[in-house]
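Shown next, in C-alpha cells, is the structure this report addresses.
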Amino acid sequence: MFGDVIDVRRVSGDSICGVLVGCDSHCIPFTEMSFVEYRDVIQNGDTAIVFLGHDSMFAIKVQQGGATQTKYGAIKHSTDLIGKKYGSKVTCSKGGWVYILHPTPELWTVTLPHRTQILYSTDISMIIMMLELKPGSIVCESGTGSGSLSHAIIRTIAPTGRLYTVEFHKQRAEKAEEEFCDHKIDHLVTVKNQDVCKEGFGVVNVADAVFLDIPSPWEAVRYAKSALKMEGGRICSFSPCIEQVQRTCLAMTEQDFMDISTFEILLRVYDVRTVSLQLPDLGTGDTNNQNTPGDVKNQSKENSWTDSQQFKSGAPLREMAGHTGYLTFATKYLS
C-alpha cells in the first residue's frame, strides 16, 4: 500500500484533487478545509481546534453524529459545530463554553499527536527565515517525525512549491501521509519511506533548501548537497548535542558548504499580572513647617505609607523550556 514514494495527486479535468491513500482513496476537492486555504464555515470531515485556554486546546475531527467530551461538558458535532463559523463560541452540555478555531500550523504544533520529539514555533520561525523559504520554494526534509515543521513549511511554500520529506520509520511515514491527506495539503508534499543517510532524498538538483533532523546528520550532508539546485541553496541541521554539531560542521566543510553558522534559540516568557503595592508618603514639601525633629520622626512612623494601589507587573516564569537544540545553517554556492 505504501511503496517507496507516495505522491498523492490526481488530475481530473482542469482541477487537481487529493487522493486519500490508505483510507478511502476517494477524491477530495481542495475547496474543503485546508491548512493552507482558509474558509469560514465548519463542515463534516474538517479538522478543528477546540480552544479552552491559551495553555489548553486540542484537535478534533468533525464528524456527523459525533461528540467530543471536555471538562465543560460534551460538544455535539452535528448541532454545535457543523454549519457554524470558525471562531464561534460553543456552549457545552454542562454550561461551560469553548471556542472552535480553524487549524493553522502554529495550532497544530501544540495539539498534534506526538510520535517523536517535535520542533516548536520558536525554532520553526528561525528555520523558515534562515532557509529563505517563500511561495514556490522546493524543500527537502528528513525526518518527517510528527509533521510539526512539515506543516509550517507547506504553508510557507504554497501554492506552487513542494516538500519532499523522508522518514526512516515506516509507520510514522504512513501516519504523516494520512494526516497530510486529511488536512488537504497532500498536493504539496511527497513522502518517502527510506534511509536518507544511505539512499538520499530521491531527487537531484531540484531543492532550494534542505532540512535535516536526524541522529547522524553528517552522514546525509552529501545527499543534501546533491539535492540542492546547481545554482546553490541553503541547508539547516537541527541537533540537540554539540558533538553532533561539530561532526556536521566538519562534513559541511568537506562538501564545500560556506557561511556555516550555529544558533541556539532560547525563549524567555514573562507572566504579566496585577499586583498590589503600597506607595510611600513623601509629605507635602512645605518649607515653612515649624515641627520639631521629634514631631517629624513620629509622623514618619505613622504616615510613611499610603494605601496600596494596583499595578501591572511582569516577571519571568518560575519554570520554562530551556535548551531545545542547535540550528546549523550553511550555503551551497555555484558549482
Side-chain angles (χ1 to χ4, degrees), residues 18 20 23 28-125 145-152 154-156 158 175-176 178-186 267 269-274 312 314-321:
L20 195 56
C23 299
I28 303 174
F30 295 149
T31 55
E32 295 187 1
M33 182 282 305
S34 167
F35 273 52
V36 297
E37 297 177 5
Y38 298 93
R39 69 174 183 204
D40 292 334
V41 179
I42 304 170
Q43 295 184 14
N44 183 40
D46 283 2
T47 298
I49 307 297
V50 179
F51 180 91
L52 292 82
H54 290 288
D55 57 350
S56 179
M57 63 185 84
F58 57 91
I60 62 170
K61 184 170 183 178
V62 179
Q63 295 177 319
Q64 189 75 38
T68 298
Q69 294 291 335
T70 74
K71 62 182 180 180
Y72 302 123
I75 303 171
K76 295 182 179 179
H77 296 191
S78 301
T79 56
D80 297 332
L81 300 183
I82 296 175
K84 301 292 180 63
K85 286 189 175 182
Y86 280 105
S88 296
K89 184 177 179 180
V90 175
T91 301
C92 304
S93 61
K94 293 181 181 179
W97 48 267
V98 299
Y99 287 104
I100 306 299
L101 306 181
H102 195 290
T104 65
E106 291 83 4
L107 293 176
W108 183 245
T109 290
V110 296
T111 59
L112 59 77
H114 284 227
R115 299 181 289 275
T116 59
Q117 292 290 329
I118 69 168
L119 289 173
Y120 289 92
S121 297
T122 307
D123 290 313
I124 290 173
S125 59
S146 301
S148 174
L149 177 64
S150 305
H151 281 76
I154 290 170
R155 196 260 305 272
T156 303
K175 187 60 179 178
E178 181 182 329
E179 289 174 348
F180 293 145
C181 291
D182 206 31
H183 299 162
K184 316 303 184 294
I185 53 176
D186 47 282
L267 178 66
V269 180
Y270 277 76
D271 180 23
V272 178
R273 58 185 181 271
T274 301
K312 288 290 185 181
L317 301 179
R318 293 183 179 180
E319 296 182 3
M320 64 181 71

Counting distance only, does the side-chain N/O of [X] pair as donor-acceptor with the main-chain N or O of [Y] below 3.5 Å?
| X | Y | result |
| --- | --- | --- |
| S56 | G53 | no |
| D80 | H77 | no |
| D271 | P316 | no |

Checklist entry - What residues form a salt bridge (Lys or Arg N to Asp or Glu O under 4.0 Å) with R318, not counting sequence neighbours? => result none
Checklist entry - Will you find, in the side chains of H183 and S34, an N or O donor that is under 3.5 Å from an N or O acceptor? => result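 Side chains of H183 and S34: no pair found under 3.5 Å.
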Checklist entry - Any chance the side chains of S121 and E106 put a donor and an acceptor closer than 3.5 Å? => result no
Checklist entry - Considering residues at least two apart in sequence or located in another chain, which fulfil the side chain to side chain donor-acceptor pair (under 3.5 Å) criterion with H102? => result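 Scan of H102 (side chain to side chain donor-acceptor pair (under 3.5 Å), adjacent residues dropped) gives none.
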Item to check | Non-neighbouring partners of K312 that pass side chain to side chain donor-acceptor pair (under 3.5 Å), sequence neighbours left out | outcome: T274
Checklist entry - Can you list the steps and then say if Q43 with V62 is a side-chain contact (heavy atoms from CB on, under 4.5 Å)? => result CA-CA 7 Å; Q43 295 184 14; V62 179; over 6 Å; no
Checklist outcome for this item: Residues at least two apart in sequence or cross-chain that pass ring-ring contact (aromatic ring centres under 6.0 Å, His included) with Y270, listed by chain then number, are none
Checklist entry - Which of parallel (below 30°), tilted (30 to 60°) and perpendicular (above 60°) describes W108 and H151? => result tilted
Next on the checklist: So for atom CD, which belongs to Q117, do other residues, nucleotides or ligands contribute more than 12 heavy atoms lying within a distance under 6.0 Å?
Outcome noted: no
Next on the checklist: Does any part of the side chain of M57, heavy atoms only, come nearer than 4.5 Å to the side chain of L52, both counted from C-beta?
Outcome noted: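 Not in contact.
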Next on the checklist: Quick one, Y120 and L267 - any side-chain contact, counting heavy atoms below 4.5 Å?
Outcome noted: no
If you look only at distance, which donor and acceptor atoms sit under 3.5 Å apart when one is on a side chain in residues 88-101 and the other is two or more places apart or in another chain?
residue, atom, partner, partner atom, Å
S88, OG, K85, N, 3.4
S88, OG, K85, O, 2.4
S93, OG, A74, N, 2.7

May I have the list of side-chain donor-acceptor pairs in residues 109-116 shorter than 3.5 Å, sequence neighbours left out?
residue, atom, partner, partner atom, Å
T109, OG1, P105, O, 3.0
T109, OG1, S148, OG, 3.0
T111, OG1, L107, O, 2.8
R115, NH1, E179, OE2, 2.9
R115, NH2, S146, O, 3.2
R115, NH2, E179, OE1, 3.1
T116, OG1, S146, N, 3.3
T116, OG1, S146, OG, 3.2

